[in-house]
Amino acid sequence: MNVATLDQLWVYLSGNPLLSLLATLLAFALAVRINRAVGGTPLLHPVTLSIFMLITLLLVVDMDYRTYFEGAQFIHFLLGPATVALAIPLYDHRERVRRLLWPLLLACGAGIVTAVASTLGLAMLLGARTETLLSLAPRSVTSPIAMGIAEQIGGIPSLAAGLVLLTGSIGCALGPWIFRLLRIKDPVVQGFTLGLAAHGFGTAHAFARLGAVAGAFSGLAMGLTGLLTAFLLPLMTRLFGFG
């Protein structure tokens, strides 16, 4: 096979949207292996590693994001069913959820107010622009909801999505250390805290490392946080003088 044929093949592959689907699956599989090889540390979360790998690949092959997403949208479509499936372990613990409903709602509300107020306050002190502030505000909810909220209140959806991923990575890295420091061993508390502070990242970590109970309550926290934030955040941004 001559050089011209190889060049044509490379152009075809780099422009084929299905290449992005294959690249996404391979990147995640490799990231999981790397994470396991280093002891499963949350500092090298598989999702974070996958993101860096895919960004590097897109830069190397000069593929724009739109072309990449044409293939990756098949995985994106599965995000909805995967999120809905979190209700299955939650249903198994429905009686426990019913008993703890009001404490959980109060904890969720307090967590949202604390996260948003501290984020906006610190960012304002550091001189962040309005668009950045409004993109930072929904950082503690899962990406699709955060992007929708950011667009609604005047933020930048793509920046909000990136900040959500960063928040999830940091939450998974610091969460276990904080649990040990405060001697928190209850899987309900651990799971709900991870879901509240680190959304999808925290929920995946709870299922993988802390068990089904923690995973169920983490999924509950992620859902409640997204729902309540959609209502509370526009009000809070107005209190801070935005909008």
Side-chain angles (χ1 to χ4, degrees), residues 28 31-32 35 40-42 45-48 50-51 75-116 137-150 160-179 182 184-233:
F28 185 74
V32 170
N35 182 260
T41 173
H45 196 283
V47 176
T48 307
S50 301
I51 292 172
I75 298 177
H76 185 266
F77 170 78
L78 296 175
L79 181 62
T83 303
V84 174
L86 292 174
I88 296 175
L90 191 60
Y91 179 80
D92 294 335
H93 302 281
R94 60 190 180 279
E95 292 300 327
R96 200 169 186 178
V97 172
R98 189 176 301 166
R99 292 195 304 269
L100 297 172
L101 183 58
W102 284 111
L104 292 176
L105 287 173
L106 290 173
C108 191
I112 293 169
V113 172
T114 301
V116 175
R139 64 176 179 78
S140 290
V141 299
T142 190
S143 295
I145 299 177
M147 293 175 70
I149 294 174
L163 292 169
V164 165
L165 295 175
L166 182 61
T167 300
S169 298
I170 295 173
C172 286
L174 296 181
W177 179 78
I178 293 174
F179 294 150
L182 299 179
I184 297 173
K185 299 181 180 180
D186 188 340
V188 172
V189 177
Q190 291 179 335
F192 196 83
T193 303
L194 284 172
L196 175 60
H199 42 81
F201 276 63
T203 301
H205 181 80
F207 272 112
R209 299 290 175 182
L210 304 177
V213 174
F217 279 86
S218 184
L220 174 63
M222 183 177 69
L224 285 177
T225 303
L227 178 64
L228 294 178
T229 301
F231 289 99
L232 294 177
L233 190 53

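- Partners of S169 under the side-chain hydrogen bond (donor to acceptor under 3.5 Å, both in side chains) rule, at least two apart in sequence or in another chain, are T48.
- Taking all atoms of both residues into account, the shortest heavy-atom contact from V116 to A137 is CG2-O, 3.8 Å.
- Considering all non-hydrogen atoms of both residues, A107 and L196 come closest at O-CD2, 3.9 Å.
- Counting heavy atoms from C-beta outward, I112 and S140 have side chains that stay 4.5 Å or more apart.
- When all heavy atoms of C172 and H205 are compared, the closest pair comes out as SG-CB, 3.9 Å.
- Among residues two or more places apart in sequence or in another chain, the side chain to side chain contact (heavy atoms under 4.5 Å, CB included) test is passed with I178 by L174, L182.
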Side chains of residues 94-104: which donor-acceptor partners sit under 3.5 Å, not counting sequence neighbours?
| residue | atom | partner | partner atom | Å |
| --- | --- | --- | --- | --- |
| R94 | NH1 | Y91 | O | 2.9 |
| E95 | OE2 | R98 | NH1 | 3.2 |

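- Between F201 and L194, every side-chain heavy-atom pair lies at or beyond the 4.5 Å cut-off.
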Listing, residues 214-227 side-chain donor-acceptor contacts under 3.5 Å, not counting sequence neighbours, or none:
| residue | atom | partner | partner atom | Å |
| --- | --- | --- | --- | --- |
| S218 | OG | G191 | O | 3.3 |
| S218 | OG | G195 | N | 3.2 |
| S218 | OG | T203 | N | 3.3 |
| S218 | OG | T203 | OG1 | 2.9 |
| T225 | OG1 | A221 | O | 2.6 |

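- T229 places a side-chain heavy atom less than 4.5 Å from the side chain of I149.
- For the side chain to side chain donor-acceptor pair (under 3.5 Å) condition, no pair includes a residue of residues 187-201, sequence neighbours left out.
- Of all heavy-atom pairs between F207 and A212, the closest is CE2-O, 4.1 Å.
- For A150, the side chain to side chain contact (heavy atoms under 4.5 Å, CB included) partners two or more places apart in sequence, or in a different chain, are P138, A160.
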